[in-house]
Amino acid sequence: MCRIGAIKSKNYFHPSRIFLLMQSMQKGHDNSGFAMVMQDLGGIFKGFKNYPTLSLACTDEGLKIAEDLLHAAGFQRLLHYEPKTNPQPGLDINTMPNYVFETFMYPREYQKASAKEKGEILVNMRLTLRKALEEGDNGYVYSFWPDVLTLKEIGNPQDIGTYFNLWEPDKNFTARIITAQCRQNTNYDIVRYAAHPFFLQGYTVLANGENTFYLKNVEFQRKLHRGYIGFESDSQCFLYTLHYVHHELEWPLPYYKHVITPLPFEEISRRDDKDQLLAIRQSLAHLEINGPNTIIGVLPDGTLFTCCDAKKLRPVVVGRTDDYVVLASEVCGVNEVLPDRKWEKDIYPNEREIVSVDNNLEIQRWKQ
Amino acid sequence: METMKAQNITTNDLFWQVKYDASRCTLCGSCVAACSFRAIECKVERRRMVFSEGDYPDPKSRFSAVPVIRQVNSVKNFCRGCGICQKVCPNDAIGPVRNPDTRFPVISRCLMGDSIKRGGRKNLEGDHRALDSIGIGRISQMTDPSLDASRHTFDILAPFGRILPPKQLPLKVGADGKLEQTERTPPVRWIYPVIIGDMSIGALSWRMWEAMAIAVAYLNEECGLPVRLCSGEGGVPERLLKSRYLKYLILQIASGHFGWNRIIKTMPHMTEDPAGILIKIGQGAKPGDGGLLLAQKVAEHIQAIRGVPKADLLSPPNHQGLYSIEESVQKMFLSFNAAFKFRVPVAIKVAASATSVSVFNNLVRDPYNIVGGFFLDGIDGGTGAAHEVSLDHTGHPIVSKLRDCYLAAVSQGRQGHIPLWAGGGLGKTGDLAAEAFKMICLGANGIFAGKLVLQMAGCVGNDRGRCNACNTGLCPVGITTQESALVHRLNPEMVAQNIVNYFLAMDKEFRKLLAPIGNSSLPVGRSDALVATDKAIADRLKIQYVC
């Protein structure tokens, strides 16, 4: 079973806090991996917010392939960062030779392009890199997007933290939003790509649960967007639907909920907006999600949100202080990170709502 | 001594032999009166009894005339094995027995010089069915719990009407952040995933049709199940067209256009829109053959509804005015959409065929978005009259064809745009919920069934040549006949009750199938929920093989 967590703050913070959050929930997950996405970056990346950062785990050859391709496409490197690793005997971690975070300048012809055009070229580049690295198993490219870092590895999360020195706070490696999850895809093949959070064009999603309409989702999503690939985990479908509804159809976030867990027909028929809801339900029937799950997501503007399946079969809790909002599968995680918060103000979202957190840490509860 | 004539027909040449026990017969005559085929008759037999009296043999004979019941030796009035004689006999003195040595297929053609016609059910390979090798094998457990069939709510509804691709939806974000609809969209009705149909008012007796109409009205208004009934070709009584119950009816138009004169004339007086229009191109049990209503069934009220004299009514095998699929979209679909001012979904029914996917592809790519459903009819269905050679040897099974159409839609990202409805012998084992569910997992949005509804009403026919006399107008249980005496054998209230009860049972069974796979709405295309114990079937349908 998965445990998922997210921290959003007004201030930059180090991933050690997310390790703390996940560590306390370790009895619930199976300690088979660790994955996190850092967004709104601080530290050494703070000055490069408008430039795309590549998150890569690869062999030496893979690094060369990736850099050659990027240079050939006109991307110029601005920053190169490799986390200092701390190899020790006995650590349960399945490592890659290189972990690289590189920030690039856009190709000259795209420097004045619109954000939308830039978004498209970044996806194309990432897909090209992924394909090139897959041949020969030379590496994994998790994200290539401004102000975003992704780290994923197979092994015990505690040991992974030790290996990357992530238990010790470091002001050079921080972010305002971090989402994380501590399990590999143990139901199916162990593949690095299969660990959530998943990321696409500014959208991040991680999930605790099952998607029993996985096949329906996959068969439909494959034809919707070139970036909807992989499907190593049934939870990737949650990300692609979010991206499709919010980015492609340009519908507001609440309609994501209407798509994945539509209201029963009987309830729709009693609503003022029944025509729209019915049109959505029937046109996007193959993006409906069944099965128990909780989703945590981040939008490109930094909004953090969570929602659940229509029968509320999976847990999530929202705890907060003036400077932090913490989302976690279990309240013990929140207790660890925010021990002095007013726990009476914790929110336990229900099956029909989306709880979202904006950049001022204001919380909105939207009822479907 | 009688002369032996080799060409004489004996009961041993027929499909069925009537076994009669004169010693138990009370000569009440019920069986002869009840046999609608006149396949048995009363006869007086001359009997000779030889006896001897006294101490020494002194043979004497005595002749007597004995009244008995006898089977008719005829290729016209032959026994169909319906068993009505057995049903009415108070003493079990009579009944049909299947004759394995029948020569009927040969002698019938030799003597009549005509192709054999019969009521529609396929008699070849009747026992082996693909759906029987498929199970619902993905049972939720542990982290992905099953739902509770009694406690949870389920949405057991299917779309009928053209569904727009998401990017074509005329929705824009309004000032309040809510989506607003800027244009009309094609009409879509969410209905029960099992449609009753499509059996015409000429093929069925008025009591049978009335029973189906009563059942559908009751299911909608008292049980909350939005079940729809398809009229079949041949029109509908004017009173029904003008009534509020029209909304539960899908009106069919086929190549004969029977009944449409009256429907069009009644349109200004309709108080409700029909549930939909179904343009029938082909029928699965007798593709390429067209409908056939023999003159003996064209009763007075049928003549009135259809506007025809008492004559054999043949629907041509194709719509004479149509040249191509593209043209049919423009002509028929557009005109029927326009006739009801684009408020009523218009769908098409075709026979499953090696070419079905091409037809489907053409329709799903139609730029007008006016084809509101693709009804695919397989070989195993059929209730009406047809030539036996068509029934037995033409046609295409439904299961793989439905799957092909769904996968064709998937490969283009167009699944769900034109709802897929499949039929053709579904539920003939009695388990319609399970068979519908499997078809839905394979990609159908819903299914349609006709033959099973006749069985609910008391039809005694089966796939092994029992009865199958729907074409004759002599249906022994009053379902497919217009003979007043036969029709009165059917109690419409009882039939309606049977249909309602069957649907209620089926609805419960749907929940019992949805719950274990953890779904609260229909798993359209969820083929990962299915497993097959036959490798060839698993490979063909792209589902998991298990052993």
Side-chain angles (χ1 to χ4, degrees), chain A residues 1-2 187 208-225 234 244-245 248-255 258-259 261-269 272-273 275-293 309-311 313-314 366, chain B residues 138 140 142-145 147-148 152-157 159 161-174 176-181 184-185 188 190 224 226 406-407 409-417 419 441 443 445 514 517-529:
Chain A
M1 171 134 9
C2 293
N187 286 7
N208 164 19
E210 312 283 333
N211 174 9
T212 53
F213 275 168
Y214 169 68
L215 185 69
K216 285 180 68 162
N217 288 179
V218 172
E219 288 182 342
F220 194 64
Q221 288 173 336
R222 278 202 176 113
K223 296 289 169 184
L224 288 178
H225 191 277
D234 58 2
Y244 188 70
V245 170
E248 296 295 303
L249 297 175
E250 299 178 1
W251 293 348
L253 181 63
Y255 290 95
H258 280 303
V259 169
T261 56
L263 292 169
F265 288 105
E266 209 183 326
E267 277 184 53
I268 288 179
S269 67
D272 292 339
D273 54 354
D275 291 342
Q276 291 87 319
L277 295 188
L278 202 57
I280 291 168
R281 178 159 192 187
Q282 59 203 24
S283 285
L284 294 163
H286 288 261
L287 295 182
E288 184 183 338
I289 289 170
N290 257 211
N293 55 73
D309 67 84
K311 294 187 167 56
L313 294 169
R314 283 294 162 88
W366 173 84
Chain B
R138 187 207 178 279
S140 298
M142 301 282 284
T143 61
D144 168 22
L147 300 177
D148 185 328
H152 283 119
T153 53
F154 297 87
D155 266 345
I156 305 176
L157 292 177
R162 182 55 170 252
I163 290 170
L164 292 180
K167 285 198 171 170
Q168 283 183 31
L169 285 175
L171 297 175
K172 71 170 178 55
V173 183
D176 58 354
K178 287 193 169 178
L179 290 176
E180 293 168 359
Q181 195 165 329
R184 271 178 67 173
T185 52
V188 179
W190 283 85
Y406 180 74
L407 291 177
V410 168
S411 72
Q412 304 168 66
R414 294 174 193 265
Q415 59 267 55
H417 296 184
C441 289
N445 290 90
L514 280 163
I517 66 166
N519 288 159
S520 52
S521 55
L522 290 178
V524 179
R526 231 201 113 183
S527 57
D528 60 328

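Numbers restart at 1 for each chain; the letters A, B, ... are given by sequence-line order, proteins then strands.
The greatest number of non-hydrogen atom pairs below 4.5 Å with chain A, out of Pro419(B), Ser411(B), Gly525(B), Ala529(B), is found for Ser411(B). Contact tally against chain A (heavy-atom pairs below 4.5 Å) for Ile517(B), Leu147(B), Val524(B): the top residue is Val524(B). Comparing Glu248(A), Arg222(A), Gln221(A) by heavy-atom pairs within less than 4.5 Å of chain B, the highest count is held by Glu248(A). Of the listed residues Phe265(A), Trp251(A), Phe213(A), the one with more heavy-atom pairs under 4.5 angstrom with chain B than any other is Phe265(A). Heavy-atom pairs under 4.5 Å with chain B were tallied for Ala310(A), Gly291(A), Pro264(A); the largest tally goes to Pro264(A).
Residue Gln168(B) does not touch chain A at all, counting heavy-atom pairs closer than 4.5 Å. Both the backbone and the side chain of Ser527(B) come within less than 4.5 Å of a heavy atom in chain A. Proximity to chain A is limited to the side chain of Val173(B), based on heavy atoms less than 4.5 angstrom apart. For a residue to count as touching a neighbouring chain, one of its non-hydrogen atoms must lie under 4.5 Å from one of that chain's; by this rule Thr185(B) does not touch chain A. For Pro166(B), the parts sitting under 4.5 Å from any heavy atom of chain A are the backbone and the side chain alike. Using a 4.5 Å cut-off between heavy atoms, Ala285(A) does not touch chain B at all. Looking at Leu277(A), neither its backbone nor its side chain comes within 4.5 Å of chain B, counting heavy atoms on both sides. The part of Tyr255(A) that comes within reach of chain B is its side chain, from C-beta onward, which places non-hydrogen atoms under 4.5 angstrom from that chain. For a residue to count as touching a neighbouring chain, one of its non-hydrogen atoms must lie under 4.5 Å from one of that chain's; by this rule Leu169(B) touches chain A with the side chain only. Heavy atoms of Ile156(B) lying under 4.5 Å from chain A are absent altogether.
Scored by the salt bridge (charged side-chain N to carboxylate O under 4.0 Å, His left out) test, Glu266(A) finds Arg270(A) as partners (sequence neighbours excluded). Every side-chain hydrogen bond (donor to acceptor under 3.5 Å, both in side chains) that Asn519(B) has, sequence neighbours left out, goes to Thr212(A), Asn290(A), Arg526(B).
How far CG of Leu284(A) is from NE2 of His258(A): 12.5 Å, rounded to the nearest 0.5 Å. Here NZ of Lys172(B) is found 11.0 Å from CD of Gln276(A). Values are rounded to the nearest 0.5 Å. Taking CG of Leu287(A) as the start and CG of Asn217(A) as the end, the distance is 6.0 Å to the nearest 0.5 Å.
Here the shortest heavy-atom pairing between Arg314(A) and Gly209(A) reads NH1-CA, 2.9 Å.
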For Asp309(A) and Ile289(A), run side chain to side chain contact (heavy atoms under 4.5 Å, CB included): C-alpha distance rounded to whole Å, both residues' side-chain angles, the deciding distance at 0.1 Å, then the answer.
CA-CA 8 Å; Asp309(A) 67 84; Ile289(A) 289 170; 6.0 Å; no
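Counting only heavy atoms from C-beta outward, the side chains of Arg138(B) and Pro523(B) never approach each other to under 4.5 Å. Taking 4.5 Å as the limit, every side-chain heavy atom of Arg414(B) sits out of range of all side-chain heavy atoms of Pro165(B). Under the 4.5 Å side-chain criterion, counting only non-hydrogen atoms from C-beta, Asp155(B) is not in contact with Trp190(B).
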